[in-house]
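Each remark here refers to the structure printed beneath this line.
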Amino acid sequence: MSRYNHREVEPKWRERWAAAKIDRALSPDEAKGKPKAYILEMFPYPSGRIHVGHSRNYTMGDVIARFRRANGYNVLHPMGWDAFGLPAENAAMERGIHPKGWTYDNIAAMREQLKLLGLAIDWSREFATCDASYYKHQQAMFLAFWKKGLVYRKKQKVNWDPVDNTVLANEQVVDGKGWRSGAPVETRELEQWMFRVTAYADDLLAAIGGLDKWPDKVRLMQSNWIGRSQGARIWWDIAIVPDQLRAMSPPTGQSHARDPIEVFTTRPDTLFGASFLALAPDHPLTKTIAEFRPDVAKFIADCATLGTSEADIEKAEKVGVDLGIRVKHPFDESWELPVYAANFVLSTYGSGAIFGSPAGDQRDLDFANKYKLPFKPVVLPPGADAATHTITTEAYVDDGVIYNSRFLDGLSTRDAIARAIDELVKLEKGEATTQWRLRDWGVSRQRYWGCPIPAVHCAKCGVVPVPEKDLPIALPEDVTFERDKPGNPLDRHPTWKHTKCPACGSAAQRETDTLDTFVDSSWYFARFTDAHNETAPFDKELASYWLPVDQYVGGVEHAVLHLLYARFFTRAMRDCGYLELPGGEPFASLFTQGMVVHETYRRKQRGLMPSDVETVDGHLVEKATGFPVSTWGQSQFSGGSVIQAPSTTYFVSQAWLTPDEVEIVDGKAYERGKTLDGERIPVEIGPIEKMSKSKKNVVDLDAFVTDFGADVARWFVLSDSPPERDVEWTASGVKGAWNFVQRVWSLVDAHVREYGPHHPGRHRRHRGLSLQCRGGAFVRTDQRHRQTQRRGRRLRVRARRGFAHAQSADRPVHAAPGRGVLGKPGRGRLRRHRALAGRRPCFGRTQHRHTPHPGERQEARGNRGGQGPAPEGRGGRRPRPRGCETLPRGPKCPQDHCRCRPDREYRGELRC
RNA sequence: GCGAGCGUGGCGAAACUGGUAGACGCAGCGGACUUAAAAUCCGUUCGCCCUAAAGGCGGUGCGGGUUCAACUCCCGCCGCUCGCACCA
């Protein structure tokens, strides 16, 4: 019997598949009515090399793509590269190479690695987002969006790293500090390019309801992110104003300093419980007042320095400052309320101002208690007594009956909201409105390695779009990256940014900001439908044929941003005439897969004697092991006193080790092949984490495929855990996958030896598995496999979303190795058989308390004796006493003490 | 703080509408084959007690409840993971 030799078999089939171009997606004409299936995994960033952790994502998509094709679909399964981004610039800075070279080198290496995995990918459609042939169309689309009013410029607060001189994304700010420079991040107001995502807020939210093949979790996260709240906008007239303000010019956005203050609320029913107004620290009116009130100015400054880090917000006390303004209550001209600036009011939500209704909101209550502001409860909880109900330190935020509220008294919360809004409209003091948490998308990045924004700044004409015929605006390649010259290399390029104004022809400057790389990934799935189109981003017909993506596979980390942006883009593209896509949804079905995780290994820090250290090639290393050695300065101080003699301290510093550098003996980790004084050197085993370069807990794909083959890698990452959960890469797991692959080979090999390669209809049994040769492929035909399939179907019905949905035909959801096929009966099954044979009561340990149904007892007795084969009882289908063999579940039998369950479509007729 | 999810052997896990908990796989253990190892094959694997053979008891994070019957439903805790985070 032969053994499976992946080194022979895998290259052979890779070559055959490539030569036969079996992975090529057919054009709609060629497809001749075949249904289409667009299978896509989130495309990778070319960071370097592929490790086995990456492979899970692509293998899942691959399985679905192959399955679809085998079922007669016209499959599109492409691959590309999300190739713009910061790491390329960092690599350039650290190693003095060009981002372009670094990126394309990585792409070449990773492409070869992916090919080793034997993925069924249509490589003819490959592209990278940093190809000018790609971003040229992106620039054209940007112009189209601009024309359509979906692009605009706005001064916006940004995270600014004062050391690197660049804007940082929110994710790049860690504990209020720049992730790379470590410098405290400042907020700056910068003119930013914006995408008007909010134009589609309503649709983006409503359409989530139709995404029934998306995980609930992702749908929920998107809903929360869009964050719709309904309520009212209320204008509060100013009653008293400080004299200084009277004389000043009006704040931004207002025609007059005494214009009413606009407030957003979801609870206009609590208006009669109002006790103050509060403005955000950076509300225009607060800023205006700060000009003559030093205490307010200081308050604003304090809020700006604090506040950013999340832990701070948790601890921060609610503080504020009285602005000296009084406003009139909309329902009562004579009722005046104070106006504060308060640190807990967000300038970015609503109008940046609130009215405080302390009894109904915890924050307002904390604030009112701190500043001794009077308030009264206006919502009576169900069952509470109006005479005794009081609020002291805990607000009542739920619904109830309104009281203490004049014309709203006695109404429910719901009715009172409607009534209050009616009244506000009548008085012209307010109106119903919808507020969104979603904000427009700032896409400017002060970076080199990104798509240039096709705009020109002209002194006379202002900001002018670049004419479409001048596209692409290509990135210049002769740029410098130096640590000591921070900022955007495009900005300091000697010639690139100087140009002529397309409108008036006078000297002008190019926009040097580039687009956020999320823009690149917001339409790549559409480009794959027509990847080499030179005149348009893609052909409208082709895109309409292929889109939406039938199955999208990727990590949850993109649950909000990427997926939301892509949903925005398809709508914007549709409205700009690029594409027809009913519903506007790019991804019909989404699956978020689990990560591949691995133990981490850490070399511990260890002090050394000077005699243990030597210098090799100018680097200090430990003599015995060759480990790099670090030093500490000449002395150490503690509280001003020298605690250590001034001498150099040598030590081996803490370092992450790759699994290759570690050997495991009896559950303990040691440095592989290294000893110190004849002893193995212990290594600390760290937490199990997602495979990543930084923690070095990666298993390189090349080496693994050489040793074990792609099949083992693919089988392992799919079978060890359910696809949506993390899978831990372990030696024993690899061994299991290896054994399984060998078993399948030996079975098929034996079959082929006996019958030859093509013997349709022939069966062969092996370890409980039977195979049938059908049309050159082997199909499992054994009974147990069919049960597994049934189970898969049940699981699909239950898990109505996600991966289960992807495999809408007959496949087990959880591809456990040999599930139900290669094994042998366990004890549970034997026990079950014994029970069925009547040697053991059916209901186990509960039988002594069990009151049997009349028909049941007879049947159990009749079964006694243990003769003959047991009925097929595997797979959880419980044997049931004959008398009740109609459906055991469903509505309860109305007859007293009967434990049977009538048919689900119960028609008033008992079956027992 | 709010929201979502989860908690079952040495490990990955299964258990449908409440109906024999631990299917299936991995690792392990015992055996066969072998000079030996690997591979393969056979057996075994939740814990405890008992037995000649049977068998019995306990067990799904903890404490209650509903039910003839609870991993499953309800109430209250504990723990973990993820998301949002002063959103008015």
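Both backbone and side-chain heavy atoms feed into the values below; hydrogens, waters and symmetry mates do not. Predicted model, so just to flag it, every value in this text is computed and none were measured. Throughout, protein chains are lettered first and strands after them, A, B, ... in sequence-line order, and every chain is numbered starting at 1.
Pair check for B:C86 finds none; no Watson-Crick or G-U wobble contact set falls under 3.5 Å. The base-pairing partner of B:C73, taking Watson-Crick or G-U wobble contacts with both distances under 3.5 Å, is B:G65. The nucleotide B:C6 finds its pairing partner in B:G79, both defining distances of the Watson-Crick or G-U wobble pair being shorter than 3.5 Å. Nucleotide B:G18 forms a pair with no other nucleotide shown, judged by Watson-Crick or G-U wobble geometry with both contacts under 3.5 Å. Look at B:C41: its Watson-Crick or wobble partner, with both distances under 3.5 angstrom, is B:G31.
Listed nucleotides B:C84, B:G83, B:A13 differ in distance to A:M221; the shortest reach to its side chain belongs to B:G83. If you check B:C86, B:A88, B:C84 against the side chain of A:V345, the one that comes closest is B:A88. Taking the side chain of A:R437 as heavy atoms from C-beta on, and the options B:G3, B:C84, B:A88, the nearest nucleotide is B:C84. The side chain of A:L220 lies closest to B:G3 when the candidates are B:C86, B:G3, B:C87.
Classified by its glycosidic torsion, B:G30 falls in the anti category, the angle being over 90° from 0.
Rounded to whole Å, the separation between the P atoms of B:C80 and B:U67 comes to 35 Å. Comparing the P positions of B:A23 and B:C75 gives an interatomic distance of 32 Å, to the nearest angstrom. When the P atom is compared between B:A4 and B:U60, the two are found 27 Å apart, to the nearest whole Å. Comparing B:C46 with B:A21, their P atoms sit 14 Å apart, to the nearest whole Å. Here, B:C26 and B:U45 have their P atoms 16 Å apart, quoted to the whole Å. For the P atom pair drawn from B:G65 and B:G83, the interatomic distance equals 39 Å after rounding to whole Å. Taking atom P in both B:A70 and B:C84, one finds a spacing of 41 Å when rounded to whole Å. Distance check on atom C1': B:G9 versus B:C29 gives 15 Å, rounded to whole Å.
Nucleic acid contact for A:V263: none, since no nucleic acid atom lies under 4.0 Å from a heavy atom of the residue. Counting any heavy atom pair closer than 4.0 Å across all strands shown, A:L346 reaches a base atom.
Annotation: of the two residues near RNA chain B, A:D361 and A:K217, the 5′-most nearest-nucleotide partner is A:K217. With RNA chain B read from its 5' end, the first of the two nearest nucleotides for A:A737 and A:S351 is the one closest to A:A737.
Looking only at atom types and distance, the side chain of A:R725 has no donor-acceptor partner in the side chain of A:Q593 under 3.5 Å away. Looking at A:R233 and A:T433, their side chains do bring a donor and an acceptor atom within 3.5 Å of each other.
Aromatic rings from A:Y340 and A:F367 are positioned such that their centres are separated by under 6.0 Å. The aromatic ring centres of A:Y349 and A:W436 sit 6.0 Å or more apart. The distance between the ring centers of A:F591 and A:W214 does not fall below 6.0 angstrom.
With rounding to whole Å, A:N224 atom CG is found 17 Å from B:C82 atom P. Look at CG on A:D216: it is 13 Å from C1' on B:G3, rounded to the nearest Å. Residue A:W214 contributes atom CH2, which lies 20 Å from atom P of B:A4 at whole-angstrom precision. Across the protein-nucleic acid pair, A:W225 atom CH2 and B:A4 atom P stand 19 Å apart, rounded to whole Å. Rounding to whole angstrom units, CZ of residue A:F264 and P of B:A88 are separated by 7 Å. One atom, CH2 of A:W236, and another, P of B:A88, lie 17 Å apart when rounded to the nearest Å. The interatomic distance linking A:F716 (CZ) with B:A27 (P) rounds to 11 Å, in whole Å. Taking atom CZ of residue A:R219 and atom C1' of nucleotide B:G5, one finds them 15 Å apart after rounding to whole Å.
In terms of heavy-atom proximity, A:D282 sits nearest to A:S347 at OD1-CB, 2.9 Å.
Between A:S229 and B:A88 there is a side-chain N or O to OP1 or OP2 distance below 4.0 Å. Taking 4.0 angstrom as the limit, A:R267 places none of its side-chain polar atoms (N or O) nearer than this to OP1 or OP2 of B:A88.
With respect to A:F355, the side chain to side chain contact (heavy atoms under 4.5 Å, CB included) criterion is satisfied by exactly one of A:L271, A:L337, A:V339: A:L271.
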